[in-house]
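Presented below is the structure to which this report refers.
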Protein chains: 2
Amino acid sequence: MKKAVEPSAERPVRAADRIRASASELFYREGIRAVGVDEVVERAGVTKPSLYRSFASKDELAAAYMRDYEANFWEKFEKPGGKSYSDAREHVLAYIRVLSANAVAEGYRGCGLTNATVEYPSRDNPARQVAEAHKKLFRRRLRELAGSMGARHPAVLGDALLLLIEGIYVTGQQSEDGPAQSALTVAKLLIDASVAKG
Amino acid sequence: MKKAVEPSAERPVRAADRIRASASELFYREGIRAVGVDEVVERAGVTKPSLYRSFASKDELAAAYMRDYEANFWEKFEKPGGKSYSDAREHVLAYIRVLSANAVAEGYRGCGLTNATVEYPSRDNPARQVAEAHKKLFRRRLRELAGSMGARHPAVLGDALLLLIEGIYVTGQQSEDGPAQSALTVAKLLIDASVAKG
DNA sequence: GTGTATACGTACCGGTCAGTAACATTGTCA
DNA sequence: TGACAATGTTACTGACCGGTACGTATACAC
C-alpha cells in the first residue's frame, strides 16, 4: 500500500521557490540592502543553508529577484490590464494608464529594476547587471513602438516615453499626490506632437 | 603681538564641517546605506565621537546631507551654468541642457534627494522627509515656471517637466548612452506643444 | 535491510554595524 | 594662569550581517 491518492496535489513547494517568492516581496517593498538574508528565510519558512544551496550569495539571490521581476514586467507591459493591443499608441497609453493609476496609490515602490540600479551604483553587481540589460531592451522596445506609431523621430519619441515612464516610477514613491497624475495627458501630448499629421 | 596676518586664512575647519563634506561625497557616490560611519569619519580625518557630538545619529547625518544637497540644488537650478534667466522657457531649457549633459557622463549618480527616497521607503526616515519636502517645492516651482511660459495648463506642463527631469536623473545612472541624450529635444517639444500659439 | 542521493535543519563563525564611555590634549580668550 | 570649548584617543558594547560546518530525515535502488 503506497501513497493512495494525490501524487503531489498538496505541493511540497521547493525551498528555493519559497525563498524566491519571499525575497521578491521583501526586496521590492523595503529595498535589497535593507533586507537581511535572515529575514528572507524566516518569511519563507525555511533556513539559511537552504538559501545558500540554491543561491551562491545574497547578491545572486538579488539577481534572481531581478530576473523574476523582469519576466513579470514584460507580462504586464505587453498586456496592460490583461489585454493585448494591436495599435502601438493604444498599447503604450494603456500601460501608462495602468501604471500611473498604481503610482498614486499609497506604498507604491516604483520599478524594482530601477530601484536596484539606484541601490547598487557599482557596475559589477549581479543584480544591477540584470537591471541594466533590461533597461536596454525596454528602450529598444519603446523605440519600436514609437516607430509603429508613425513618429517622425522614433528614437526621440521612444526616449521621451522612457523618460516619462521612469519619471512615473520614481515620483510615484515620493508622494501619493505626485505628477504621475498628469502622466497620461503628457503621454498623449508627447505622442501627438511627435507623429506626423498631414 | 597677535596673529599678524590672515585672521584664519589657514582654516582650522570645524570637525562637523569636515564630516558634512565627507558624508555628502560618500553618500552621494555610493548611497547612504552603503556607507558606514567609520568610512565617513576616516575620510573626514576625524574620529567617531566627533561625529556623534554634532549629529544625533547616522540618520540625522543623512538628513543634514539632504539639506546641504538641497541648498546646492537650488543654486544650480536657479542659475543653470552660472547664469540667470528672465525667460522661463530659456531658464528651464538651460537647466535641462546642463543636466542632460552631466547625465550622460560616466559615474553619474542622479539626484541625491531622489536616490534617498528610493533607499528609504519608510516615511519616517529623517533624510526621506527632507527629500519629500524638497520635491514638493520643486514641483511647485516648475508649475510656476510653466505658468510664466504661458502654458495652457501650467500644472500639466509643470508635471511633465518634473517627470522628464526625474527621468533624466534616474536613467542617467543606468547607462552613459541613455535616453537623457534626447531630453532637451523632448523638453522643447513638450513646452511648445503646451504653450498657446495663436 | 543497507547504500546512496536529495533536501533540510541546528548551531555556529568572524566581521561589521551604529553608537558610547572615559579620559587626554589642544587652542582661545580673559 | 586659569577656565572653557572643541577635538582626539582608546576601547568597548550589543546587535546584526553574510556565510558555513556538520548532523539529520526521507525516499528510492538494489
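Labels below follow one simple rule: chain letters A, B, ... track the order of the sequence lines, proteins then strands, and each chain is numbered from 1. Keep in mind that the numbers below use all heavy atoms, side chains included, and drop hydrogens, waters and symmetry copies.
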### Query
Which residues within residues 120-131 of chain A lie with some heavy atom under 4.0 Å of an atom in DNA chain C?
none

### Task
Compute both the distance and the angle, then confirm whether A:K83 meets the cation-pi test with A:Y85: under 6.0 Å from the six-membered ring centre, within 45 degrees of the axis.
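Judged by the rule, A:K83 and A:Y85 form a cation-pi pair.
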
[X] [atom1] to [N] [atom2]: how many Å, rounded?
X: B:L61; N: C:dC17; atom1: CG; atom2: C1'; answer: 15 Å
X: A:E42; N: C:dC8; atom1: CD; atom2: P; answer: 18 Å
X: A:D59; N: D:dC17; atom1: CG; atom2: C1'; answer: 13 Å
X: B:I19; N: C:dG19; atom1: CD1; atom2: C1'; answer: 14 Å
X: B:D38; N: C:dG15; atom1: CG; atom2: P; answer: 15 Å
X: A:L26; N: D:dG18; atom1: CG; atom2: C1'; answer: 16 Å
X: A:L51; N: D:dG18; atom1: CG; atom2: P; answer: 10 Å
X: A:E39; N: D:dG18; atom1: CD; atom2: P; answer: 10 Å

#### Entry: B:T47 side-chain N/O to D:dT9 phosphate OP1/OP2 under 4.0 Å
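It does not, given that no N or O in the side chain of B:T47 lies less than 4.0 Å from OP1 or OP2 of D:dT9.
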
### Message
Below the 4.0 Å mark, does C:dT20 have OP1 or OP2 next to a side-chain nitrogen or oxygen of B:Y52?
### Response
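B:Y52 to C:dT20 OP1/OP2: no side-chain N or O under 4.0 Å.
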
### Task
Can you see which heavy atom on B:D159 is nearest to which on A:S182, and at what distance?
OD2-OG, 2.6 Å

### Task
Between C:dA11, C:dC8, D:dA6, spot the one nearest the side chain of A:S50, thanks.
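Of the candidates, C:dC8 comes closest.
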
### Query
Nearest to the side chain of B:R53, which nucleotide is it out of C:dA22, C:dG9, C:dA18?
C:dA22

### Task
Quick one: label B:V41 by what it contacts on the DNA or RNA (base, sugar-phosphate, nothing), any heavy atom closer than 4.0 Å.
nothing

### Query
Base, sugar-phosphate, or nothing for A:V40, non-hydrogen atoms under 4.0 angstrom?
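Counting heavy atoms under 4.0 Å across all strands, no contact is made by A:V40.
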
### Query
Can you find a side-chain donor-acceptor pair between B:E119 and B:N125 that sits under 3.5 Å?
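Side chains of B:E119 and B:N125: no pair found under 3.5 Å.
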
### Query
Do A:D124 and A:S122 have side-chain N/O donor and acceptor atoms under 3.5 Å apart?
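Side-chain D/A pair, A:D124 to A:S122: present.
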
#### Entry: B:E30: salt bridge (Lys or Arg N to Asp or Glu O under 4.0 Å) partners, not counting sequence neighbours
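So B:E30 forms no salt bridge (Lys or Arg N to Asp or Glu O under 4.0 Å) with any residue.
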
### Query
Residues in salt bridge (Lys or Arg N to Asp or Glu O under 4.0 Å) with B:E25, at least two apart?
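For B:E25, the residues satisfying salt bridge (Lys or Arg N to Asp or Glu O under 4.0 Å) (neighbours in sequence not counted) are B:R29, B:R43.
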
### Query
Only one of B:R128, B:K136, B:K135 forms a salt bridge (Lys or Arg N to Asp or Glu O under 4.0 Å) with B:E132, so which one is it?
B:R128

### Task
State whether the distance check finds a donor on one side and an acceptor on the other, under 3.5 Å, for side chain B:K48 versus base C:dG19.
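Indeed there is one.
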
